[in-house]
Amino acid sequence: MIDYDKIITELGEEISECDYRYCGMVPAYYQRELERAVTALIKCRESLKGLQNYQSEDSASHDPYKTAQLLKMLAHETSSEEHYGARLHHGGGNTKVLTIDAGGLRALITHYATHRTELENEDELEGKL
């Protein structure tokens with residue numbers, strides 16, 4: 001498993017060493033890219049923490065199927081290929097299709113990594129009472 005903290009620390013050290021190397025005049029484009037990399041790694045680390053909260057399948061408080069599918073979608077969205085977004089549609093009402101980008105997929109992964117899907121019909125609820 002990737003040690004995100006180590007990579008983040010090394011990037012921070014790189015920023016500090018650049019200050020020394022370039023006498024306090026680090027090229028702005030390089031520093032900006034390092035900061036973006038650190039931000040992206042922090043997001044990955046937080047997503048990983050959510051995924052590590054999995055419990056056993058029987059008493060799971062997460063939705064492993066949706067999480068796995070969303071991770072596949074995120075992999076496609078963050079690859080170097082063309083990005084189309086994930087399409088979300090609801091069958092009821094007069095709603096339009098939404099396109100979900102990588103940030104939205106990360107939010108859904110975080111949710112389903114810690115929550116189970118609850119889509120029970122009223123008929124099923126009556127049978128349980």
Side-chain angles (χ1 to χ4, degrees):
M1 193 164 303
I2 296 173
D3 185 352
Y4 289 103
D5 292 326
K6 180 180 177 187
I7 297 169
I8 292 167
T9 301
E10 288 176 1
L11 288 174
E13 290 171 0
E14 174 66 11
I15 292 170
S16 297
E17 289 174 16
C18 282
D19 280 339
Y20 175 75
R21 234 183 282 145
Y22 295 106
C23 300
M25 299 180 65
V26 179
Y29 65 88
Y30 185 61
Q31 187 162 353
R32 184 175 51 245
E33 292 304 321
L34 286 173
E35 290 169 358
R36 286 181 183 166
V38 169
T39 301
L41 287 166
I42 290 170
K43 287 180 183 178
C44 289
R45 182 184 63 192
E46 296 305 312
S47 293
L48 180 63
K49 284 180 185 176
L51 292 174
Q52 290 173 337
N53 289 333
Y54 280 166
Q55 298 172 357
S56 70
E57 288 293 323
D58 297 334
S59 63
S61 63
H62 66 286
D63 193 319
Y65 174 77
K66 283 188 181 167
T67 303
Q69 295 304 309
L70 288 163
L71 284 168
K72 289 178 187 177
M73 291 178 195
L74 181 61
H76 289 292
E77 278 305 298
T78 56
S79 70
S80 60
E81 300 170 8
E82 194 168 343
H83 307 288
Y84 299 102
R87 297 172 58 86
L88 176 65
H89 172 72
H90 192 276
N94 58 352
T95 61
K96 295 184 179 184
V97 175
L98 297 176
T99 302
I100 310 297
D101 64 2
L105 290 171
R106 284 186 189 98
L108 288 169
I109 290 167
T110 300
H111 174 77
Y112 285 114
T114 57
H115 294 83
R116 215 164 176 48
T117 301
E118 295 183 23
L119 298 175
E120 296 182 10
N121 295 324
E122 287 188 32
D123 294 340
E124 290 176 9
L125 287 175
E126 287 176 13
K128 291 181 180 177
L129 297 177

| task | Mind listing the closest non-hydrogen atom pair of E77 and G85 along with its distance? | result | OE2-N, 2.7 Å
| field | Closest heavy-atom pair and its distance - T99, Y84 | value | CG2-O, 3.5 Å
| said: Can you tell me how far apart CG (D3) and CG (L41) are? Round to the nearest 0.5 Å. | reply: 11.0 Å
| Note: E35-R32 ion pair, threshold 4.0 Å (strictly below) | no
| note | Interatomic distance, CE@M73 vs CZ@R106, rounded to 0.5 Å, equals 14.5 Å
| task | Please report the closest heavy-atom contact between A102 and L74, naming both atoms and the distance. | result | O-CD1, 3.7 Å
| said: Is the shortest side-chain heavy-atom distance between Q69 and L108 below 4.5 Å? | reply: no
| note | Heavy-atom closest pair (Y112 atom, T67 atom, distance to 0.1 Å) is O-OG1, 3.2 Å
| query | Under a 4.5 Å cut-off applied to non-hydrogen side-chain atoms, are L105 and T78 in contact? | reply | no
| If you round to the nearest 0.5 Å, how far is NZ of K66 from CD1 of I109? | 13.5 Å
| Atom pair CD1/CD of I8 and E13 - distance to nearest 0.5 Å | 12.5 Å
